[in-house]
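Okay, structure first, notes after.
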Amino acid sequence: QAQLVESGGGLVQAGGSLRLSCADSGRTFSSYTMGWFRQAPGKERQFVAAVSWSGATTDYADSVKGRFTITRDNAKNMVYLQMNSLKPEDTAVYYCVADADVRVQAWVHDWGQGTLVTVST
């Protein structure tokens with residue numbers, strides 16, 4: 001059974017950095033687009049970033065462009081989200097996702113359990 005497990009969340013001051021990791025198992029990792037969504041308190045879940053199976057193509061929400069970087073390591077079945085210049089509005093539970101296309105929530109079938117990121121002022 002395929003499983004996604006996130007780690008790396010925590011509390012950070014505004015302007016700081018965090019690196020989220022996602023370990024994938026139970027699937028042919030290199031065949032899937034991987035990505036991240038987030039859900040802030042009281043808000044809908046939103047797309048954050050995606051990376052193609054090869055790692056050559058990435059896509060970002062406008063709100064994180066220039067600050068977040070998504071990468072993957074197909075040899076380790078891992079995907080990462082490097083988050084720099086964090087803002088209080090980045091506070092959310094971050095979810096790792098996998099599917100053929102992960103840019104729209106309705107298209108995604110595989111989700112991790114989430115990791116909480118809290119950015120203080």
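Side chains included, hydrogens not; waters and symmetry mates left out as well; all remaining heavy atoms used.
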> Under 3.5 Å, is there a donor-acceptor pair between the side chain of Asn74 and the main chain of Trp53?
Replying inline: yes
> With a 4.5 Å heavy-atom cut-off, do Leu11 and Ser120 have their side chains touching?
Replying inline: yes
> Would you say Val51 and Tyr95 are hydrophobically clustered, going by side-chain heavy atoms of ILVMFWY under 4.5 Å?
Replying inline: no
>> Other residues, nucleotides and ligands only: do more than 12 of their heavy atoms fall within 6.0 Å of CD on Glu89?
In response: yes
>> For a side chain to side chain contact (heavy atoms under 4.5 Å, CB included) check, start with the C-alpha distance between Phe68 and Gln82, then their side-chain angles and the critical distance, and finish with the verdict.
In response: CA-CA 5 Å; Phe68 290 12; Gln82 178 66 42; over 6 Å; no
> In Å, rounded to the nearest 0.5 Å, how long is the span from CG of Asn84 to CZ of Arg19?
Replying inline: 11.5 Å
> Is any side-chain heavy atom of Asp73 less than 4.5 Å from a side-chain heavy atom of Thr71?
Replying inline: no
> When you look at Val97 and Asp99, which way does the side chain to side chain contact (heavy atoms under 4.5 Å, CB included) test go after all the steps?
Replying inline: CA-CA 7 Å; Val97 297; Asp99 218 305; over 6 Å; no
> Would a distance-only check, ignoring hydrogens and angles, find a side-chain to backbone donor-acceptor pair under 3.5 Å from Thr91 to Thr118?
Replying inline: no
> Do any N or O atoms from the side chain of Thr33 and from the backbone of Ser52 form a donor-acceptor pair under 3.5 angstrom?
Replying inline: no
>> Rounded at 0.5 Å granularity, tell me how far CG in Asn77 sits from CG in Asp24.
In response: 6.0 Å
>> Is there a side chain to side chain contact (heavy atoms under 4.5 Å, CB included) between Tyr60 and Val48? Walk through the geometry before answering.
In response: CA-CA 6 Å; Tyr60 297 93; Val48 175; 5.9 Å; no
> Rounded to the nearest 0.5 Å, what separation is found between the CG atom of Leu81 and the CH2 atom of Trp36?
Replying inline: 6.0 Å
> With a cut-off of under 6.0 Å to the ring centre and 45° to the axis, is Arg27 in cation-pi contact with Tyr32?
Replying inline: yes
>> Which residue is it: Glu6, Met83, Arg38? I am looking for the one with a side-chain contact (heavy atoms from CB on, under 4.5 Å) to Leu20.
In response: Met83
> Is there side-chain contact between Leu86 and Leu18, with at least one heavy-atom pair below 4.5 Å?
Replying inline: yes
> Looking at Tyr80, does the NZ or CZ of Arg72 lie under 6.0 angstrom from its six-membered ring centre and within 45 degrees of the ring axis?
Replying inline: no
> Hey, any chance Val64 and Val12 share a hydrophobic cluster, counting ILVMFWY side chains that come within less than 4.5 Å of each other, even indirectly?
Replying inline: yes
>> Does Trp111 have more than 12 heavy atoms from other residues, nucleotides or ligands lying within 6.0 Å of its CH2?
In response: yes
>> Could you check whether any side-chain N or O of Asp101 sits under 3.5 Å from a backbone N or O of Arg103, counting only pairs where one atom can act as donor and the other as acceptor?
In response: yes
> Taking 4.0 angstrom as the limit, do Asp90 and Lys87 come out as a salt bridge?
Replying inline: no
> Any idea which heavy atoms bring Pro88 and Ala14 closest together, and the distance?
Replying inline: CD-CB, 4.1 Å
> Is Asp110 close to Leu4 at the side-chain level, that is, under 4.5 Å between some pair of heavy atoms?
Replying inline: yes
>> Quick check against the 3.5 Å criterion: does Thr28 have a side-chain atom that pairs as donor or acceptor with the backbone of Ser30?
In response: no
> Which pairs with one or both residues in residues 16-121 pass disulfide (SG to SG under 2.5 Å), sequence neighbours excluded?
Replying inline: Cys22-Cys96
> Are Gln105 and Val108 close enough that some pair of their side-chain heavy atoms sits under 4.5 Å apart?
Replying inline: no
> Taking all atoms of both residues into account, what is the closest heavy-atom pair of Ser21 and Met78, and its distance?
Replying inline: CB-CE, 3.8 Å
> Which heavy atom in Val102 sits nearest to a heavy atom in Ala50, and how many Å separate them?
Replying inline: CG2-CB, 3.5 Å
> Are the aromatic ring centres of Phe37 and Phe47 under 6.0 angstrom apart?
Replying inline: yes
> Does the side chain of Ile70 come within less than 4.5 Å of Val79's, by heavy atoms?
Replying inline: yes
>> One pair to check against side chain to side chain contact (heavy atoms under 4.5 Å, CB included): Met34 and Phe29. What are the steps and the verdict?
In response: CA-CA 9 Å; Met34 302 297 295; Phe29 180 75; 3.7 Å; yes
